[in-house]
Amino acid sequence: MRRMTLTVALGCLAVSAAVAGSPKGAAAPLSHSALHRVGTANAGLEHSRNWSGIAVTGRVYTQVAGSWKVPTVIATLGNRYASDWVGIGGYSSGDLIQAGISEQYTGGHASYNAWTEILPAPEVVIPGFLVHPGDAITVDITKGSGVAWKIVVSNATESESFTKNLNYNSAEGSAEWIHEAPQLGSIVDLASTTNADFDHGTVNGSTVIGSAGTQHRIQLVGAAPGDTKATPSKLDSDKDGIAVADGTKAPQAPAS
(Lines give C-alpha, C1' and ligand atoms only; values in the text may rest on other atoms or scores of the structure.)
Protein backbone atom coordinates (compact mmCIF):
# COMPACT_ATOMS: atom_id res chain seq x y z
CA MET A 1 0.00 0.00 0.00
CA ARG A 2 1.29 3.45 -0.91
CA ARG A 3 1.34 5.58 2.25
CA MET A 4 1.68 9.32 2.82
CA THR A 5 2.11 10.89 6.26
CA LEU A 6 1.93 14.54 7.28
CA THR A 7 2.41 15.93 10.77
CA VAL A 8 0.89 19.36 11.46
CA ALA A 9 0.84 21.40 14.66
CA LEU A 10 -2.39 23.35 15.07
CA GLY A 11 -2.97 25.48 18.14
CA CYS A 12 -6.34 25.94 19.84
CA LEU A 13 -8.27 26.67 16.64
CA ALA A 14 -5.50 28.95 15.38
CA VAL A 15 -4.88 27.39 11.99
CA SER A 16 -3.29 28.51 8.75
CA ALA A 17 -3.18 26.71 5.42
CA ALA A 18 -2.33 27.44 1.83
CA VAL A 19 -3.78 25.51 -1.07
CA ALA A 20 -2.43 25.90 -4.58
CA GLY A 21 -4.80 26.78 -7.40
CA SER A 22 -6.21 23.92 -9.45
CA PRO A 23 -5.72 23.53 -13.19
CA LYS A 24 -8.67 23.47 -15.57
CA GLY A 25 -10.80 20.39 -15.03
CA ALA A 26 -9.21 19.67 -11.63
CA ALA A 27 -10.92 19.99 -8.29
CA ALA A 28 -11.01 23.47 -6.76
CA PRO A 29 -10.35 23.88 -3.03
CA LEU A 30 -13.59 24.18 -1.09
CA SER A 31 -14.65 24.70 2.52
CA HIS A 32 -16.81 22.42 4.60
CA SER A 33 -18.47 24.31 7.40
CA ALA A 34 -20.40 23.46 10.51
CA LEU A 35 -24.12 22.68 10.18
CA HIS A 36 -26.28 25.45 8.68
CA ARG A 37 -29.54 24.50 10.40
CA VAL A 38 -32.84 25.92 9.07
CA GLY A 39 -36.42 25.55 10.21
CA THR A 40 -37.66 22.77 12.43
CA ALA A 41 -37.63 19.00 12.15
CA ASN A 42 -40.26 17.53 9.84
CA ALA A 43 -41.23 13.85 9.70
CA GLY A 44 -38.16 12.93 11.71
CA LEU A 45 -35.81 14.94 9.48
CA GLU A 46 -33.89 18.06 10.45
CA HIS A 47 -33.31 20.63 7.73
CA SER A 48 -30.00 22.15 6.70
CA ARG A 49 -28.69 24.36 3.89
CA ASN A 50 -25.44 22.39 3.59
CA TRP A 51 -25.61 18.90 5.17
CA SER A 52 -27.52 15.70 4.51
CA GLY A 53 -26.83 12.48 6.36
CA ILE A 54 -26.69 11.64 10.04
CA ALA A 55 -25.13 13.11 13.18
CA VAL A 56 -25.06 11.65 16.67
CA THR A 57 -24.89 13.61 19.92
CA GLY A 58 -25.15 13.05 23.66
CA ARG A 59 -21.76 11.49 24.34
CA VAL A 60 -18.08 12.39 24.20
CA TYR A 61 -16.74 11.41 20.78
CA THR A 62 -13.01 10.75 20.53
CA GLN A 63 -13.06 8.53 17.46
CA VAL A 64 -15.18 8.22 14.32
CA ALA A 65 -14.91 6.03 11.24
CA GLY A 66 -16.88 5.35 8.09
CA SER A 67 -16.53 3.85 4.62
CA TRP A 68 -18.21 4.56 1.30
CA LYS A 69 -17.85 4.24 -2.47
CA VAL A 70 -17.09 7.53 -4.25
CA PRO A 71 -20.33 8.68 -5.93
CA THR A 72 -20.32 9.36 -9.68
CA VAL A 73 -20.97 12.93 -10.83
CA ILE A 74 -23.88 13.34 -13.26
CA ALA A 75 -23.35 16.03 -15.92
CA THR A 76 -25.50 19.12 -15.45
CA LEU A 77 -25.56 22.72 -16.62
CA GLY A 78 -23.29 25.08 -14.67
CA ASN A 79 -20.65 24.41 -12.06
CA ARG A 80 -21.71 22.13 -9.21
CA TYR A 81 -20.00 20.56 -6.20
CA ALA A 82 -20.61 17.85 -3.61
CA SER A 83 -18.59 16.39 -0.76
CA ASP A 84 -18.82 13.27 1.38
CA TRP A 85 -17.09 13.18 4.75
CA VAL A 86 -16.79 11.80 8.25
CA GLY A 87 -16.12 14.12 11.18
CA ILE A 88 -16.30 15.09 14.84
CA GLY A 89 -17.93 18.39 15.87
CA GLY A 90 -19.87 21.00 13.95
CA TYR A 91 -23.41 19.87 14.74
CA SER A 92 -23.93 22.26 17.67
CA SER A 93 -20.51 23.91 17.92
CA GLY A 94 -18.08 25.72 15.64
CA ASP A 95 -15.25 23.21 16.00
CA LEU A 96 -15.06 20.47 13.37
CA ILE A 97 -12.35 17.99 12.41
CA GLN A 98 -13.20 16.11 9.21
CA ALA A 99 -11.92 14.37 6.10
CA GLY A 100 -13.50 13.15 2.91
CA ILE A 101 -13.93 13.28 -0.85
CA SER A 102 -15.27 15.98 -3.18
CA GLU A 103 -17.02 15.46 -6.49
CA GLN A 104 -17.17 18.42 -8.87
CA TYR A 105 -18.60 19.21 -12.29
CA THR A 106 -16.94 22.39 -13.53
CA GLY A 107 -16.25 23.68 -17.02
CA GLY A 108 -17.88 20.58 -18.49
CA HIS A 109 -15.52 18.23 -16.64
CA ALA A 110 -15.97 15.96 -13.62
CA SER A 111 -13.16 15.82 -11.06
CA TYR A 112 -12.62 14.14 -7.71
CA ASN A 113 -10.21 14.70 -4.82
CA ALA A 114 -9.53 13.83 -1.20
CA TRP A 115 -9.10 16.42 1.54
CA THR A 116 -8.87 17.15 5.23
CA GLU A 117 -10.28 20.19 7.01
CA ILE A 118 -9.93 21.41 10.57
CA LEU A 119 -12.10 24.47 11.27
CA PRO A 120 -11.55 27.35 11.11
CA ALA A 121 -8.94 26.54 8.44
CA PRO A 122 -10.06 25.84 4.87
CA GLU A 123 -9.87 22.51 3.09
CA VAL A 124 -6.42 21.07 2.38
CA VAL A 125 -6.42 18.82 -0.67
CA ILE A 126 -4.33 15.66 -0.20
CA PRO A 127 -1.65 15.92 -2.90
CA GLY A 128 -1.15 12.93 -5.17
CA PHE A 129 -4.05 10.99 -3.66
CA LEU A 130 -5.92 9.29 -6.51
CA VAL A 131 -9.74 9.31 -6.46
CA HIS A 132 -12.10 7.86 -9.04
CA PRO A 133 -15.85 7.14 -9.04
CA GLY A 134 -16.57 3.87 -7.27
CA ASP A 135 -13.32 3.84 -5.27
CA ALA A 136 -13.65 2.37 -1.76
CA ILE A 137 -12.83 5.13 0.76
CA THR A 138 -12.42 4.85 4.53
CA VAL A 139 -11.87 7.74 6.95
CA ASP A 140 -10.80 7.22 10.56
CA ILE A 141 -10.33 10.16 12.95
CA THR A 142 -8.91 9.32 16.38
CA LYS A 143 -7.93 11.38 19.43
CA GLY A 144 -4.65 10.55 21.15
CA SER A 145 -3.38 12.04 24.39
CA GLY A 146 -4.14 15.66 25.25
CA VAL A 147 -5.14 17.56 22.11
CA ALA A 148 -3.40 15.20 19.68
CA TRP A 149 -5.46 13.78 16.80
CA LYS A 150 -4.79 11.49 13.86
CA ILE A 151 -6.69 11.47 10.57
CA VAL A 152 -6.32 8.49 8.24
CA VAL A 153 -7.83 8.53 4.74
CA SER A 154 -7.57 5.26 2.79
CA ASN A 155 -8.49 4.28 -0.75
CA ALA A 156 -8.58 0.49 -0.86
CA THR A 157 -9.19 0.47 -4.62
CA GLU A 158 -5.96 2.37 -5.29
CA SER A 159 -4.05 0.76 -2.38
CA GLU A 160 -3.15 4.13 -0.90
CA SER A 161 -3.35 5.66 2.56
CA PHE A 162 -2.75 9.16 3.94
CA THR A 163 -2.15 10.06 7.59
CA LYS A 164 -2.20 13.52 9.18
CA ASN A 165 -1.18 14.08 12.81
CA LEU A 166 -2.21 17.36 14.42
CA ASN A 167 -3.17 19.17 17.60
CA TYR A 168 -6.72 20.50 17.94
CA ASN A 169 -9.12 21.59 20.68
CA SER A 170 -12.43 19.84 20.01
CA ALA A 171 -15.59 19.94 22.10
CA GLU A 172 -16.03 16.26 21.08
CA GLY A 173 -19.80 16.80 21.13
CA SER A 174 -20.96 15.12 17.91
CA ALA A 175 -19.97 12.70 15.16
CA GLU A 176 -21.19 12.81 11.56
CA TRP A 177 -21.46 10.96 8.22
CA ILE A 178 -22.41 13.65 5.70
CA HIS A 179 -23.13 14.33 2.02
CA GLU A 180 -22.68 18.08 1.65
CA ALA A 181 -23.12 21.15 -0.50
CA PRO A 182 -19.73 22.75 0.28
CA GLN A 183 -18.74 26.39 0.08
CA LEU A 184 -16.82 28.63 -2.28
CA GLY A 185 -17.40 31.81 -0.29
CA SER A 186 -21.09 30.87 -0.02
CA ILE A 187 -22.86 27.52 -0.23
CA VAL A 188 -22.59 26.25 -3.82
CA ASP A 189 -25.06 24.40 -6.03
CA LEU A 190 -25.05 20.73 -5.07
CA ALA A 191 -23.66 18.45 -7.78
CA SER A 192 -25.92 15.69 -9.02
CA THR A 193 -24.39 12.35 -8.08
CA THR A 194 -25.23 8.72 -7.53
CA ASN A 195 -26.08 7.86 -3.92
CA ALA A 196 -23.56 8.34 -1.13
CA ASP A 197 -23.75 5.07 0.84
CA PHE A 198 -21.94 5.27 4.18
CA ASP A 199 -21.29 1.97 5.95
CA HIS A 200 -19.25 0.58 8.84
CA GLY A 201 -19.96 3.81 10.71
CA THR A 202 -18.60 3.61 14.24
CA VAL A 203 -17.54 5.84 17.12
CA ASN A 204 -15.17 5.35 20.05
CA GLY A 205 -13.83 2.05 18.76
CA SER A 206 -16.67 -0.21 17.67
CA THR A 207 -19.95 1.41 18.74
CA VAL A 208 -22.20 1.53 15.66
CA ILE A 209 -24.16 4.63 14.63
CA GLY A 210 -27.41 3.21 15.97
CA SER A 211 -25.95 2.84 19.49
CA ALA A 212 -23.80 5.98 19.46
CA GLY A 213 -26.21 8.47 21.07
CA THR A 214 -29.11 10.62 19.91
CA GLN A 215 -29.51 10.33 16.14
CA HIS A 216 -30.20 13.34 13.91
CA ARG A 217 -31.16 12.55 10.32
CA ILE A 218 -30.60 15.63 8.21
CA GLN A 219 -32.18 16.67 4.90
CA LEU A 220 -30.47 19.27 2.69
CA VAL A 221 -32.90 21.94 1.49
CA GLY A 222 -32.67 25.01 -0.70
CA ALA A 223 -33.84 28.53 0.02
CA ALA A 224 -37.12 28.17 -1.89
CA PRO A 225 -40.06 26.36 -0.23
CA GLY A 226 -40.21 22.73 -1.32
CA ASP A 227 -36.71 22.76 -2.81
CA THR A 228 -35.16 19.59 -1.37
CA LYS A 229 -31.61 18.86 -2.49
CA ALA A 230 -30.77 15.57 -0.74
CA THR A 231 -32.43 13.13 1.66
CA PRO A 232 -30.98 10.40 3.92
CA SER A 233 -32.26 6.87 4.35
CA LYS A 234 -32.95 5.22 7.67
CA LEU A 235 -30.14 3.17 9.17
CA ASP A 236 -29.35 -0.20 7.63
CA SER A 237 -30.21 -3.47 9.37
CA ASP A 238 -27.02 -3.61 11.45
CA LYS A 239 -27.34 0.08 12.37
CA ASP A 240 -23.94 1.16 11.03
CA GLY A 241 -24.84 2.58 7.61
CA ILE A 242 -26.94 5.24 5.92
CA ALA A 243 -27.47 6.31 2.31
CA VAL A 244 -28.06 9.82 0.93
CA ALA A 245 -29.78 10.44 -2.40
CA ASP A 246 -30.50 13.55 -4.44
CA GLY A 247 -34.02 14.91 -4.10
CA THR A 248 -36.94 14.43 -1.76
CA LYS A 249 -37.29 10.64 -1.68
CA ALA A 250 -35.34 8.71 0.93
CA PRO A 251 -33.22 5.97 -0.67
CA GLN A 252 -32.90 2.40 0.50
CA ALA A 253 -30.36 1.92 3.26
CA PRO A 254 -27.05 0.31 2.27
CA ALA A 255 -26.94 -3.47 2.18
CA SER A 256 -25.45 -4.70 5.45
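Because the structure is predicted, anything quoted here is derived from the model rather than measured.
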Practice task
Answer yes or no: does atom NZ of Lys69 have more than 12 heavy-atom neighbours from other residues, nucleotides or ligands under 6.0 Å?
Solution key: no
Problem - N/O donor-acceptor pair under 3.5 Å between Thr231 side chain and Gly247 backbone - result: yes
Practice task
Mind checking the OG-CG spacing from Ser170 to Asp95? Nearest 0.5 Å is all I need.
Solution key: 4.5 Å
Handout entry: Flag side-chain contact, heavy atom, 4.5 Å: Ser48 against Val38
Key = no
Handout entry: Ile141 side chain near Lys150 side chain, heavy-atom distance below 4.5 Å
Key = no
Handout entry: Same apolar cluster: Val152 and Tyr61, side chain cutoff 4.5 Å
Key = no
Fill in the blank from the handout: OG1 (Thr142) and CD1 (Ile97) are apart, to the nearest 0.5 Å, by 9.5 Å
Problem - Ring centers of His132, Tyr112 separated by less than 6.0 Å - result: no
Handout entry: Check: Ala230 main-chain N/O paired with Thr228 side-chain donor or acceptor under 3.5 Å
Key = no
Practice task
Examine distances only and state if a side-chain atom of Thr157 and a backbone atom of Ala136 form a donor-acceptor pair shorter than 3.5 Å.
Solution key: yes
Practice task
Look at the side-chain heavy atoms of Ile, Leu, Val, Met, Phe, Trp and Tyr, link any pair under 4.5 Å apart, and say whether Ile209 and Leu45 land in one connected group.
Solution key: no
Fill in the blank from the handout: Residues Arg49 and Val221: closest non-hydrogen pair is NH1-CG2, 3.5 Å
Practice task
To the nearest 0.5 Å, tell me how far Leu35 CG sits from Ile218 CD1.
Solution key: 5.5 Å
Exercise for the section: Find the distance between NZ (Lys229) and OG (Ser192) and round it off to the nearest 0.5 Å. Expected result: 9.5 Å
Practice task
Might you work through the side chain to side chain contact (heavy atoms under 4.5 Å, CB included) test for Ile151 and Val153, ending with a clear yes or no?
Solution key: CA-CA 7 Å; Ile151 301 173; Val153 182; 4.1 Å; yes
Practice task
Begin from the C-alpha positions of Ile101 and Val131 and carry the test side chain to side chain contact (heavy atoms under 4.5 Å, CB included) through to its verdict.
Solution key: CA-CA 8 Å; Ile101 301 296; Val131 182; 3.8 Å; yes
Practice task
Using modelled atom types only, decide if a donor and an acceptor are shared between the side chain of Thr214 and the backbone of Gly58 within a distance under 3.5 Å.
Solution key: no
Exercise for the section: Determine whether Ile242 and Asp199 make a side-chain contact, defined as any pair of heavy atoms from C-beta on separated by less than 4.5 Å. Expected result: no
Completion exercise
In this structure, OG1 of Thr207 is separated from CG of Asp240 (nearest 0.5 Å) by 12.0 Å
Problem - Closest non-hydrogen atom pair between Tyr105 and Val73, with its separation - result: CB-CG1, 3.6 Å
Practice task
Check the side chains of Thr116 and Lys164 for a donor-acceptor pair under 3.5 angstrom, ignoring hydrogens and angles.
Solution key: yes
Problem - Arg217 bridged to Glu46 by N-O distance under 4.0 Å - result: no
Handout entry: Validation row: Asn204, Lys143 side chains within 4.5 angstrom (heavy atoms)
Key = no
Practice task
Treat each ILVMFWY residue as a node, draw an edge where side-chain heavy atoms are under 4.5 Å apart, and state whether Val244 and Val70 are in one component.
Solution key: no
Handout entry: Of all pairs that satisfy ring-ring contact (aromatic ring centres under 6.0 Å, His included), the ones with a partner from residues 171-198, not counting sequence neighbours
Key = Trp68-Phe198
Handout entry: Distance-only donor-acceptor check, side chains Asp140 and Thr138, under 3.5 Å
Key = no
Completion exercise
Leu96 and Gly89 have their tightest heavy-atom pair at CD1-O, 2.9 Å
Completion exercise
Shortest non-hydrogen pair, Ala245 vs Asn195, comes out as CB-OD1, 3.3 Å
Problem - Heavy-atom donor-acceptor pair, Ser174 side chain to Ala55 backbone, under 3.5 Å - result: no
Problem - Heavy-atom pair of closest approach, residues Leu130 and Asn155 - result: O-ND2, 2.9 Å
Completion exercise
Tested for ring-ring contact (aromatic ring centres under 6.0 Å, His included) against His32, the lone hit among Tyr81, Trp51, Trp115, Trp85 is Trp115
Problem - Asn50 side chain to Ser33 side chain, donor-acceptor N/O pair below 3.5 angstrom - result: yes
Handout entry: Short side-chain to backbone donor-acceptor contact, Tyr168 and Leu119, under 3.5 Å
Key = yes
Exercise for the section: Might you point out which heavy atoms bring Leu190 and Ala82 nearest each other, and give the distance in Å? Expected result: CD1-CB, 3.8 Å
Handout entry: Distance-only polar pair, side chains of Glu123 and Ser31, donor-acceptor under 3.5 Å
Key = no
Exercise for the section: Check whether Leu220 and Val86 end up in the same hydrophobic cluster, where Ile, Leu, Val, Met, Phe, Trp and Tyr are linked by side-chain heavy atoms less than 4.5 Å apart. Expected result: no
Exercise for the section: Would you confirm whether Gln215, through its side chain, and Gly210, through its main-chain N or O, come within 3.5 Å as a donor-acceptor pair? Expected result: yes
Practice task
Test side chain to side chain contact (heavy atoms under 4.5 Å, CB included) on Val208 and Asp238 and set out the steps.
Solution key: CA-CA 8 Å; Val208 298; Asp238 56 2; over 6 Å; no
Exercise for the section: Using modelled atom types only, decide if a donor and an acceptor are shared between the side chain of Arg80 and the backbone of Glu103 within a distance under 3.5 Å. Expected result: no
Handout entry: Distance, nearest 0.5 Å, that separates NZ of Lys234 from CD1 of Ile54
Key = 12.0 Å
Exercise for the section: Just do the side chain to side chain contact (heavy atoms under 4.5 Å, CB included) check on Asn165 and Trp149 with the steps written out, would you? Expected result: CA-CA 6 Å; Asn165 295 293; Trp149 291 82; over 6 Å; no
